[in-house]
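To start, the structure itself, in structure tokens.
Within every chain, numbering begins at 1; the chains are lettered A, B, ... in the order of the sequence lines, protein sequences first and strands thereafter.
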Amino acid sequence: MVTDRKTDIGPPNYEQFLPPIVKANYGKWKYHEVLKPGVMVHVGESGDKLFTVRAASPRLLSITKLRAFADLADKYCGGHLRFTSRNNVEFLLTDQANIDPLIADLKKMNHPVGGIGNSISNIVHTQGWVHCHSAATDASGVVKCVMDDLHEYFTEMKLPGKLRVALACCLNMCGAVHCSDIAILGVHRRPPKVDHGKLNKLCEIPSVVSSCPTAAIRPTTVDGKPSVEVDEDLCMFCANCFSVCPSMSISDPLNDGVSIWVGGKVSNARVEPMFSKLAIPYLPNNPPRWPEVVGAVRKIVEVWAEGAHKYERMGEFIARIGWPRFFKLTGIEFTKEHIDDFKHAGLTYKRSAQLRHV
Amino acid sequence: MVTDRKTDIGPPNYEQFLPPIVKANYGKWKYHEVLKPGVMVHVGESGDKLFTVRAASPRLLSITKLRAFADLADKYCGGHLRFTSRNNVEFLLTDQANIDPLIADLKKMNHPVGGIGNSISNIVHTQGWVHCHSAATDASGVVKCVMDDLHEYFTEMKLPGKLRVALACCLNMCGAVHCSDIAILGVHRRPPKVDHGKLNKLCEIPSVVSSCPTAAIRPTTVDGKPSVEVDEDLCMFCANCFSVCPSMSISDPLNDGVSIWVGGKVSNARVEPMFSKLAIPYLPNNPPRWPEVVGAVRKIVEVWAEGAHKYERMGEFIARIGWPRFFKLTGIEFTKEHIDDFKHAGLTYKRSAQLRHV
Amino acid sequence: MADPGDNATPLLDELEKGPWPSFVTEIKSMASENKMCKDLLGQLEKSYREKRGYWKHGGIVGVMGYGGGVIGRYSFLAEEYPNVAHFHTLRINQPSGWFYTSDAIRGLCDVWEKHGSGLTNMHGSTGDIVFLGTVTDELEPTFAELTEHGFDLGGSGSDMRTPSCCVGPARCEWACYDTLHLTNDLTQTFQDELHRPAFPYKFKFKMAGCPNDCVASIARSDMSIIGTWRDDIRIDQAEVKKYVDGGINIHKDIYANCPTRCISWDGETLTIDNANCVKCMHCINAMPKALRPGTDRGATILLGAKAPIVEGALLGSVLVPFIKIEPPYTELKDLVERIWDFWGEHGKNRERVGELIQRVGLGNFLEAIEVEPLPEMVAHPRENPYVFYEEYFEEGDEDEEEEEDE
Amino acid sequence: MADPGDNATPLLDELEKGPWPSFVTEIKSMASENKMCKDLLGQLEKSYREKRGYWKHGGIVGVMGYGGGVIGRYSFLAEEYPNVAHFHTLRINQPSGWFYTSDAIRGLCDVWEKHGSGLTNMHGSTGDIVFLGTVTDELEPTFAELTEHGFDLGGSGSDMRTPSCCVGPARCEWACYDTLHLTNDLTQTFQDELHRPAFPYKFKFKMAGCPNDCVASIARSDMSIIGTWRDDIRIDQAEVKKYVDGGINIHKDIYANCPTRCISWDGETLTIDNANCVKCMHCINAMPKALRPGTDRGATILLGAKAPIVEGALLGSVLVPFIKIEPPYTELKDLVERIWDFWGEHGKNRERVGELIQRVGLGNFLEAIEVEPLPEMVAHPRENPYVFYEEYFEEGDEDEEEEEDE
Ligand code: SRM
Ligand code: SRM
Ligand code: SRM
Ligand code: SRM
Ligand code: SF4
Ligand code: SF4
Ligand code: SF4
Ligand code: SF4
Ligand code: SF4
Ligand code: SF4
Ligand code: SF4
Ligand code: SF4
């Protein structure tokens with residue numbers, strides 16, 4: 001039986017899925033133009049034109065919806081579609097006349113078209129309460145709320161440049177949260193509670209102790225059972241102990257919440273890639289609509305949209321105006337938490353007298 | 001008797017030493033102009049003019065020379081002179097006619113005039129073999145050789161901007177070596193030799209062990225005496241153990257020598273202050289004229305002088321052309337030693353695809 | 001707040017409102033036919049009410065012979081929501097560039113309708129097709145049917161993870177190498193490393209066709225392969241003028257944004273000092289009809305990106321400034337093998353390759369994998385004087401004689 | 001090489017050649033009248049021959065009641081060169097700004113002729129007058145005569161070191177506060193801290209009148225006080241034109257070098273967006289007749305610069321973005337006292353204040369010295385997510401009620 005099983009076949013070869021026009025112009029595209037929000041054309045050296053219509057996706061898709069997408073692909077695109085690295089769905093057309101009908105169909109299905117050019121594209125995100133044991137906040141729900149609020153920036157192209165928002169539900173950061181224009185990051189804020197009854201059965205005490213980067217965890221004995229204790233002052237809530245040992249429960253409804261980070265980027269365009277930096281250390285988890293998070297993100301987007309030069313990403317904008325003014329313009333309070341105190345902290349201190357004094 | 005001793009009087013008040021014109025225009029200077037190499041004039045809001053003539057000094061001055069300077073001050077400056085933060089001597093004149101005679105007298109005494117404006121000023125340096133127990137190279141001697149070679153850049157103003165050279169004879173870096181356009185730094189390259197006979201008498205073993213930042217030093221017993229041993233692979237020749245304990249002798253004529261660093265600066269002008277970076281890990285101590293060091297410094301100066309834009313300091317110049325080209329233009333080999341491997345090493349790796357490919 | 005009835009999801013219902021497509025609607029669309037989805041909604045509503053997740057650490061589950069590709073997941077509320085007591089996901093290797101035919105999509109849907117929740121992620125952050133939620137017993141049948149449809153599992157655990165790439169030459173004029181082909185080739189070549197975790201920790205490849213890095217490779221992959229070129233940017237001066245006429249201000253929009261200010265414009269001709277161009281893409285991005293990358297193309301290889309846990313996040317750092325990327329990719333694969341060998345031998349448990357490099361030092365790492373140090377690999381040479389000089393003269397060395405001979 | 005005769009210094013003699021003034025000539029000029037100088041030459045020649053120094057670690061020597069100001073120094077070659085068997089230096093506090101009258105210079109020379117080598121450094125790197133080399137017995141008499149001439153010792157060991165400053169208002173149009181007065185005042189105020197080492201390690205002050213930092217304070221002083229201004233740069237448009245006529249290219253020479261590109265020129269008028277000026281001084285440096293700092297002046301205080309031993313070099317980091325610097329400097333001195341208190345209590349042996357801040361974290365340090373955190377203190381906020389949130393809600397907190405009330 002085992003002999004009959006196919007294994008290690010690897011993924012299907014992409015070539016069988018490429019539309020004929022892509023095969024014909026593969027590696028021979030000449031330029032592209034953005035025709036309107038969510039629609040662009042790529043022109044081949046051959047003169048061939050490939051139209052792309054990009055539609056929003058919640059990423060969590062049912063097979064019902066996927067089949068509906070497949071139907072649209074059949075109807076307009078000779079059965080071809082793709083997904084993007086930010087989880088949007090793209091329909092690839094050769095007949096320009098199909099663009100508007102396709103968009104109309106997508107609208108009916110509640111999938112706005114946009115995200116191309118100077119816009120906010122989809123929020124790259126993770127599992128949250130839908131699937132992960134580690135989440136300090138939900139993922140899909142927060143994304144839905146924020147994009148409901150920002151969707152005009154998806155369906156129109158009125159921004160100075162691209163703006164990439166990402167969300168990760170815990171510090172593991174399954175996504176490019178650490179390099180996003182705006183990052184929404186779930187955080188724990190209460191040290192792990194040790195389940196002394198089970199710890200010794202489920203986990204190896206030395207691994208638990210050594211998992212802690214700040215050496216906050218020490219072996220101890222509770223009610224005669226070997227266990228560990230946490231020096232709460234040393235805990236910075238990384239949850240690495242919990243990753244290693246389920247008896248170090250760190251989720252805490254009262255204290256879990258969301259932090260906001262700004263100014264990261266990935267592309268090499270203009271300035272080098274950059275990490276996101278802390279803007280707001282903590283906002284509460286306030287389901288189902290997370291109004292504090294939605295409001296904070298919008299404020300930051302608006303400050304940027306109003307002040308940034310053409311092409312200027314969030315991080316470039318802030319570098320130009322300076323962090324003091326960023327805090328002033330957004331009304332965000334600067335606190336002790338903003339000051340780095342991790343390994344390379346000293347390198348983030350301002351070590352020059354180049355300062356604005358207004 | 002002790003009651004008669006004066007103590008804690010502090011330094012003499014500077015006011016008594018200020019020339020009358022300085023007192024009159026104190027805080028009320030309007031602008032200055034560089035008149036010619038080593039000569040500038042400061043003009044007060046009052047219209048008063050103060051002429052400064054700056055002369056080179058070896059810093060190590062005998063009282064004979066100091067008295068000669070005092071005589072010159074009497075002759076031309078109403079008895080006033082000062083020294084600069086780079087150890088040059090400055091004569092302060094009110095009568096412009098005195099400038100040239102003063103310069104002539106200085107020349108006779110072998111003190112070239114210059115160092116103002118776009119020039120190389122005096123080399124800030126330290127004690128070396130003249131006075132320090134810690135030196136890996138001489139200070140005054142190397143400085144003399146390098147400045148003999150570069151003196152045209154002191155007495156003329158033909159450089160793109162200021163260039164600050166500094167020398168320290170060991171890693172303690174008594175001076176701004178770590179932030180100089182070109183830094184000459186004495187280095188040890190052989191692990192300390194332990195004087196097992198004396199160590200236990202002269203030093204506390206725990207302090208010696210803990211002085212080592214790389215934990216290369218371990219307690220041991222040699223011939224029945226408590227001592228320490230050094231894991232040579234872990235030693236990076238900082239000499240901190242020697243600072244703490246004379247029985248950890250690290251000087252070694254065969255291996256001591258000089259490293260060259262480039263691109264540091266202190267001023268906030270244009271770009272923020274910067275540390276110097278390693279250019280040449282090792283050149284031999286070759287007294288009395290250190291030809292390898294002299295040659296290396298000149299080459300770097302020339303590459304900069306030829307390629308830099310107006311005002312551009314060494315570090316700004318290299319940042320513009322890129323380190324790969326700096327190494328190419330100077331003919332310096334790039335080696336493993338250039339790659340940081342200390343605490344924040346990871347932050348010095350190139351973390352972008354922004355590269356020149358020529 | 002009143003206890004909601006069995007099927008009531010008042011909080012989640014709020015997330016069906018608003019213009020953005022709703023994941024709740026997606027789940028609900030399956031809830032009538034799929035019990036897992038119904039219980040998922042119930043548990044999720046409770047999460048929304050109590051502001052916490054209810055999933056346990058995953059156990060080790062998977063398909064026979066594979067060590068990765070399945071994330072085990074169990075509910076704390078198994079009694080309340082028995083249909084999500086198990087709720088494992090399968091990670092399925094996507095076709096390079098995420099291109100599909102409608103038939104391929106339907107095939108996947110059919111499999112998942114039969115064997116799981118009918119919920120997916122298109123796609124996971126690493127690039128996989130994610131089949132979201134099924135029970136242990138369904139794993140093997142799902143896998144069997146998937147392979148029938150030509151699909152195989154992706155990675156999880158300490159293995160090579162599913163490589164992924166930008167759309168590249170399939171639909172982008174800037175691709176400097178064939179990202180799709182390389183992605184597929186590496187995935188096929190390293191099937192064993194993908195399916196049988198034997199590394200100290202995960203290892204991710206991401207292929208971007210040019211420095212725009214549309215797959216975020218420099219932030220999210222242990223090996224990031226970013227297309228670039230060596231020769232001159234191709235300029236169509238007539239098109240430049242059209243952009244200028246159309247409102248582009250070359251000084252403000254282009255020159256001032258060029259990181260090395262190596263571009264200039266005299267009102268007639270755009271000139272690029274290509275020796276100083278760092279291939280940032282900005283001018284090309286801004287005027288795609290007028291400017292194109294050169295034709296001597298290849299890639300920069302960067303190593304070691306990762307998320308922050310637990311030593312702090314890393315971006316990839318330059319390992320090979322420029323390399324030609326052409327099948328059969330022998331030079332690249334040899335390099336990868338050398339890196340894996342060294343990492344396998346010296347990496348600690350849960351130490352990503354980027355952390356290993358930081359621990360042993362880039363210089364030593366290069367020596368171990370037989371790559372010459374180059375100034376392109378550093379932002380700048382060291383600032384501290386703590387050099388581990390590896391050799392010194394001993395009394396009696398030839399060198400001593402030579403040095404004293406003077 | 002032939003063994004040189006008693007007085008022969010063939011290697012050092014090489015250093016009397018060439019255009020730069022020679023320290024060897026200086027030493028030689030004393031060698032006939034001063035035996036220390038003669039033996040110094042001898043030992044130094046041997047250093048040149050053998051390529052090594054011959055000085056031992058210093059012992060503890062000094063003047064009565066003082067813990068610093070003298071560096072003890074002994075020779076390994078005491079038998080060969082008995083006159084430098086002891087060769088201690090005295091560090092003597094310079095007058096602020098290094099101004100002297102010829103009489104003051106002669107006074108110093110007279111003291112040193114009588115009691116020491118007759119060799120000096122004008123000046124040491126910290127700023128002191130250095131009297132280079134004498135024997136233990138001469139220390140007390142030298143000190144007595146020095147105080148007669150109005151001079152006192154500087155610092156050494158774990159004390160406040162001799163503060164020093166740029167020439168400032170005495171001869172510079174850009175001084176934003178009185179560097180000489182403050183330097184003198186601090187030195188006098190903290191005499192006890194200067195002469196009686198009671199700190200964990202050394203503490204240096206350096207005063208620079210403007211951001212050009214002509215005393216390298218940001219690199220070399222634990223507390224660096226750098227003059228700056230808050231209002232607008234004063235512009236004399238007529239003089240700007242003269243510079244332009246004289247060949248200055250405002251675009252290339254000024255605008256392109258302005259770190260915030262906040263300066264512009266329309267051919268007639270130079271405009272500065274002062275809100276974005278970071279007071280770098282460049283435009284003023286380039287056109288001193290046309291531009292001047294504003295008149296609302298003060299200083300930025302930076303903390304923690306030091307050389308690399310042993311945790312790596314540090315530049316000063318911003319502690320107070322802007323402060324008025326006016327006698328009696330109460331606010332500044334209070335701040336200094338709070339810093340010293342905290343450092344004194346929490347600093348480890350041989351831990352500079354900059355290292356202490358890195359160890360405890362700037363945030364905690366600010367709290368301890370009662371200074372509010374400001375965004376001006378950081379280059380950018382943290383990039384890592386490892387925040388030590390100091391408070392959390394407990395079950396039953398008011399906050400919980402409030403949060404659930406909805
Ligand atoms: C489809 C997609 C690749 C894929 O394989 O799926 C893609 C496609 C294109 N990208 Fe991208 N990028 C895609 C993700 C990215 C990412 C990755 C990400 O966001 O996680 C980046 C890096 C973002 C960052 O720096 O944080 C990215 C940075 C760029 C840039 C540089 C933007 C900048 O100024 O920094 C350009 C150039 C431009 O837009 O001018 C670019 C340009 C383009 C072009 C114009 C390339 C071309 O000629 O075809 C394509 C359409 C652009 C558009 O959407 O406006 N693409 N692009 C991805 C679409 C994601 C989405 O659904 O929105
Ligand atoms: C006399 C002195 C101050 C003192 O109290 O002794 C001084 C005096 C002046 N400095 Fe300085 N600087 C003096 C050491 C410094 C230092 C410290 C050092 O070198 O260790 C620096 C920081 C150097 C660095 O960044 O590494 C320094 C950076 C400047 C700058 C900024 C230069 C730059 O472009 O980075 C200026 C502005 C300029 O030159 O345009 C400046 C300008 C000036 C002016 C023009 C100020 C004025 O209006 O009077 C003075 C004459 C300049 C000249 O020498 O060309 N001074 N100047 C020091 C002379 C040292 C010497 O003998 O050469
Ligand atoms: C499913 C996915 C998120 C998503 O919703 O898309 C995911 C989900 C998990 N990740 Fe991840 N990671 C996913 C992409 C990533 C990425 C992004 C990427 O690959 O481009 C990262 C950041 C890049 C990186 O690798 O550093 C990422 C960094 C982590 C980390 C931190 C690793 C580190 O070295 O810093 C962990 C923690 C760990 O490995 O213990 C982690 C751990 C996890 C675990 C397995 C939780 C755990 O601690 O065991 C999550 C399982 C959730 C679940 O129940 O399904 N996940 N994880 C992504 C994989 C889908 C796919 O195969 O396509
Ligand atoms: C004399 C002088 C060098 C010179 O030729 O000018 C000097 C000489 C010594 N310094 Fe220094 N330092 C001198 C200014 C400096 C400076 C520059 C400054 O103050 O602006 C620095 C760098 C700035 C700083 O403080 O970090 C400096 C950083 C050191 C260090 C490293 C301290 C550190 O924390 O990194 C040491 C080692 C130590 O303290 O153990 C040191 C130690 C020494 C000792 C005491 C050697 C020792 O290990 O015991 C040297 C005595 C030499 C001798 O025989 O006279 N010296 N030392 C300078 C003092 C003269 C004066 O008072 O004016
Ligand atoms: S970010 Fe954390 S909580 Fe979210 S999916 Fe990844 S591991 Fe799970
Ligand atoms: S959460 Fe992180 S810091 Fe806190 S105890 Fe666990 S491992 Fe340590
Ligand atoms: S740099 Fe080193 S050798 Fe030179 S004076 Fe300072 S402590 Fe002595
Ligand atoms: S020189 Fe430095 S690294 Fe070497 S043994 Fe001594 S203290 Fe350790
Ligand atoms: S990374 Fe470059 S080649 Fe790939 S899709 Fe983006 S722009 Fe095109
Ligand atoms: S690609 Fe970037 S670096 Fe090269 S010329 Fe264009 S803007 Fe300048
Ligand atoms: S630091 Fe400023 S005020 Fe002081 S001398 Fe230099 S330029 Fe003048
Ligand atoms: S002082 Fe510096 S920042 Fe301010 S306007 Fe002049 S050049 Fe620009």
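Residue contact with chain B, scored on non-hydrogen atoms closer than 4.5 Å, involves the side chain of D/His195 exclusively. Interface residue B/Ser140: backbone and side-chain heavy atoms are both found under 4.5 Å from chain D. For chain B, the nearby parts of D/Leu315 are the backbone and the side chain; heavy atoms of each come within less than 4.5 Å. Only the side chain of D/Gln188 has a heavy atom closer than 4.5 Å to any heavy atom of chain B. For D/Arg292, the part sitting under 4.5 Å from any heavy atom of chain B is the side chain, from C-beta outward, and nothing else. Looking at D/Ala208, neither its backbone nor its side chain comes within 4.5 Å of chain B, counting heavy atoms on both sides. Contact annotation for B/Phe342: only side-chain heavy atoms (C-beta onward) come within less than 4.5 Å of a heavy atom of chain D. Neither the backbone nor the side chain of D/Ile284 has a heavy atom closer than 4.5 Å to any heavy atom of chain B.
To the nearest 0.5 Å, atom CG of residue D/Leu12 and atom NZ of residue B/Lys144 are 12.0 Å apart. Here the CD-SG distance, from D/Glu14 to B/Cys145, works out to 9.0 Å after rounding to the nearest 0.5 Å.
Closest of all the heavy-atom pairs between B/Ala73 and D/Ser102 is CB-CB, 4.4 Å. The two atoms that bring B/Pro253 and D/Glu50 nearest to each other are CB-O, 3.2 Å, heavy atoms only. Here the closest heavy-atom approach between residue B/His131 and residue D/Arg73 is recorded as O-NE, 2.6 Å. Closest approach of D/Ala307 and B/Asn172 over heavy atoms only: CB-O, 3.2 Å.
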Could you check B/Lys30 against D/Asp236 for salt bridge (Lys or Arg N to Asp or Glu O under 4.0 Å), going step by step and ending with a plain yes or no?
CA-CA 12 Å; B/Lys30 195 163 172 211; D/Asp236 182 334; 5.7 Å; no
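Across D/Leu146, D/Thr25, D/Leu132, the residue that shares the most heavy-atom pairs under 4.5 angstrom with chain B is D/Leu132.
Ring geometry for D/Phe151 against B/Phe17 counts as parallel: the plane angle stays under 30°, on a 0 to 90° scale with 60° as the upper cut.
D/Tyr48 and B/Asp138 share a donor-acceptor pair across their side chains, judged by distance under 3.5 Å alone. In the model, B/Gln127 has a side-chain atom that pairs as donor or acceptor with a side-chain atom of D/Asn121 under 3.5 Å.
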